[in-house]
Every structure is written in structure tokens, then in C-alpha cells.
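All heavy atoms count here, side chains included; hydrogens, waters and symmetry mates do not.
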Amino acid sequence: MKTADFEFDLPRELIAQRPAVPRDSARLLDVRDGLRDRTIRDLPELLQPGDLLVFNDTRVIPALLSGQCGGKKVSVTLHKAEGAGAWAAFAKPAKRLAAGSRVDFGDGFAATVAEKHAHGEILLRFDLAAADFLAALQRFGSAPLPPYIKRPEAPNDRDRADYQTMFAARDGAVAAPTAGLHFTPAIMAALAARGVESAPLTLHVGAGTFLPVTAEQVEDHKMHAELGEIPAASAAAVNAAHARGGRVVAVGTTSLRLLESAADEAGQVQPFSGETRLFITPGYRFRAVDLLLTNFHLPRSTLYMLVCAFAGTAHMRAAYAHAIAQRYRFYSYGDAMLLKCAEGRAQ
């Protein structure tokens, strides 16, 4: 497959710069059968008693850091913990850094560049214990907003709140699982009253989720690893939902990718703890997920390729064209769509 096959034109004014207020007032394009314009508040009536909603409970850390190296400013976005105080990160401008450079981020908070790689990627080593490191991030870091969300200065406290889902419980993400941003306690209560169950998993989303696919051939793209966990109770809930004829509804592509990473050939989801690099493209046969609630994604992105695999490429092209014509809001702070697995889950 050619990456160019997943290109589309999006007017820049449709890229949402703030989330909907209130969150559950965001629009929802129902793409399961045809194209229907709804809102997130309609979700409970679109699901059925016995369905299971699976959400990502990762919490975004303030991973955007502004530092000094040799008297010059450098911006660093942490994207993956590598253990023992080490973090993989993206630096701008990376040309100001070399292996061995010291970057100062604030009083008592500094790192050494242990390695320097292509495309602005570096490995940093911090000399703080885990609790002290997280405290320093809270003090000196900012919300790691994606590059298409523009701010005249660094993201502020409002962004810290906006860029966090109501499910956030476990520190580790450097990008929000954005489909979860639409949920409110009222929506969750309405879903429970409808007889829809819910279960958590954790995938610590990395900054690599924003990277476009630059390889000409889709198959040549290399996915960044992300750390995830599915507790035994959640795996059991997924399998029980399928056994009773219910549908598994993934809240976001992060939930979907982790569920699919943990599913065996028979479609049984196993408890999971570790890394996933699962790259889903058209032709993939889904084993665990029946419905997907997701935002609108960037052209040429792995996430757009995923939704094309899930709901069908032609159907996604039509849905995106409709969303653009109807002035839906796109990307992280934008509106959502509800998809069903086009070919049915493998069983």
C-alpha cells in the first residue's frame, strides 16, 4: 500500500483549538450504517444493554519541557520512559544538542543527553528518584499538546485540565487518549442506566502518535513502542461480553490497539502487561473489538489507516468528506465518530 493513498485535504480552520464545552456537547458522526449527525449525548441510546465500553485510564504527564543548553533555548517533549531515569524524547532544535550535553530545565532539574538519533530523537538521563522526577515535571513541565494546537506561549493550567480525560488515573502518557475527552460523569451514568458495562485498561500514549508516516510504502513504517496493561478483570469482562452476545466498544484507537494486541486467534482477550507496536492497516482482521468511538485523525497517519482498516477505506473517505462539508471539528480537541467493524470480528 502507498502512504499517499491515505491523504486528504483539510481546511485548517476545522482543526479544533479547544475542546467543546461542555465536553459531551461535541458532535458525533454515526458511521455504522450510513452517515448520521448526532452528539456525544446520544451515545447511550446507540448502545445496547450488555455492551461493554473499554476506556483508557492513562494520565497525561506534563512532558513538554523548555530548557537551556549552552545558553540557548531548546524544547523537549518526553515520549517514552526507558527505565532508571532515562527517557526517549524529541528535541527542537535538535542541532543544539550532542551526546553528553547538559540541559537545564529549572532549579535542580536537569538531564544529560545520553544518545542522539535521527529525526530529533534523543535519550535523556535524569538523576532524580521517580517521585522527585514527577514532582519536578509538575513544577516545570507543560501539557504536551500536539503541534496542530497552537498557543502564543507555552500551554497553561487550562490546557492541563482540558488535555486530561475523566478516566485519568495512572501517570505515563505524553499524549491524551482523545476519544476519552468527550466523556462526563453524566454520560457514564446514562450508559450504566442503559445496561452498558465498562472496564479500564492502560496504554501510555507516546508522542509518536502525532508523527505522520513518511515512508512511501505503508509497510516500511516503524511504529514506536507503547507500554500497556490489561488487568485480568478487564480481560474477563471483554470475554464475558462476547459470550453473552454483547458488543465490545473501544473508546479510542489506543484502547482498540491494546485489546487487539492481547487477543488470541480465537478472539479471547488475555491479561496483558508489556509493550505493543501493533500497526493496523487495511487487511487486518479484528478479533476483540466490535465498535469504535474515535476522533477524526490526521491524513497519512497510522490512526487514519487504522480506521480505514476497521470500517473500510471507501466508507471512511465518504465519512471524512461529509464531516468536512458539515464543518465538524477535527483532531485531538475535535468531534467524534462511531464506527462498526466492517467485516465483523473474527471468531
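No more than 12 heavy-atom neighbours from other residues, nucleotides or ligands sit within 6.0 angstrom of CD on E216. With a 6.0 Å radius and a threshold of 12 heavy atoms from other residues, nucleotides or ligands, R244 has its CZ atom above the threshold.
In this structure, the side chain of D290 engages the main chain of V248 through a donor-acceptor pair within 3.5 Å. Side-chain atoms of R277 do not come within 3.5 Å of backbone N or O of K222 as any donor-acceptor pair. Of the possible donor and acceptor atoms, one in the side chain of Q164 sits under 3.5 Å from a partner among the backbone N and O of V60. Judged by distance alone, the side chain of D24 and the main-chain N or O of R41 form no donor-acceptor pair under 3.5 Å. Judged by distance alone, with hydrogens and angles left aside, the side-chain atoms of S255 form a donor-acceptor pair with the main-chain N or O of V251 at under 3.5 Å. No donor-acceptor pair under 3.5 Å is formed between the side chain of E343 and the backbone N or O of R285. Using modelled atom types, one side-chain atom of K150 and one backbone atom of P147 make a donor-acceptor pair closer than 3.5 Å. Here the side chain of K80 pairs no donor or acceptor atom with the backbone of A225 at under 3.5 angstrom. Not a single donor-acceptor pair under 3.5 Å links the side chain of E121 to the backbone N or O of A88. The backbone N or O of L278 lies less than 3.5 Å from a partner atom in the side chain of R257, making a donor-acceptor pair.
The distance from atom CG of L134 to atom CG of L137, rounded to the nearest 0.5 Å, is 6.0 Å. To the nearest 0.5 angstrom, R345 atom CZ is 3.5 Å from H242 atom NE2. Here R59 contributes atom CZ and D171 contributes atom CG; the two are 4.0 Å apart, rounded to the nearest 0.5 Å. From D104, atom CG reaches atom OG of S66 across 11.5 Å, with rounding to the nearest 0.5 Å.
Using a cutoff of 4.0 Å between basic side-chain nitrogens and carboxylate oxygens, R27 and D42 are not scored as salt-bridged. A salt bridge between K340 and D33 is present, with a side-chain N of the basic residue lying under 4.0 Å from a carboxylate O of the acidic one. Using a cut-off of 4.0 Å between Lys/Arg side-chain N and Asp/Glu carboxylate O, R125 and D127 are scored as not salt-bridged.
Follow the hydrophobic side-chain contacts under 4.5 Å out from L14 and you never reach I40; the two are in separate clusters. In this structure, L338 is not a member of the same hydrophobic cluster as M316, with clusters built from ILVMFWY side-chain heavy atoms closer than 4.5 Å.
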Verdict with supporting geometry, L306 and H297, side chain to side chain contact (heavy atoms under 4.5 Å, CB included): CA-CA 10 Å; L306 183 155; H297 303 294; over 6 Å; no

Criterion side chain to side chain contact (heavy atoms under 4.5 Å, CB included) on L303 and L298, from CA distance to verdict: CA-CA 8 Å; L303 303 182; L298 280 72; over 6 Å; no

Side chain to side chain contact (heavy atoms under 4.5 Å, CB included) assessment of F126 paired with L78: CA-CA 12 Å; F126 296 85; L78 308 180; 4.2 Å; yes

Residues L46, L28; criterion side chain to side chain contact (heavy atoms under 4.5 Å, CB included); working and verdict: CA-CA 11 Å; L46 303 179; L28 176 65; 3.9 Å; yes

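A donor atom on one side chain and an acceptor atom on the other are not found under 3.5 Å apart for Y163 and S332.
Taking the six-membered ring where the residue is Trp, F279 and H221 present perpendicular rings, their angle passing 60° and hence far from 30°. Using a 30° and 60° split on the angle between ring planes, F109 and F105 fall in the tilted class, from 30° to 60°. Taking the six-membered ring for Trp and thresholds of 30 and 60 degrees, F8 and F330 have ring planes inclined between 30 and 60 degrees apart.
Put simply, the residue from L258, T253, I230 that forms a side chain to side chain contact (heavy atoms under 4.5 Å, CB included) with L203 is L258. The residue from T58, T254, N56 that alone fulfils the side chain to side chain donor-acceptor pair (under 3.5 Å) condition with H204 is T58. With respect to F296, the ring pair (Phe, Tyr, Trp, His ring centres under 6.0 Å) criterion is satisfied by exactly one of Y333, Y331, Y328, Y148: Y328.
Counting heavy atoms from C-beta outward, C69 and R96 have side chains that stay 4.5 Å or more apart.
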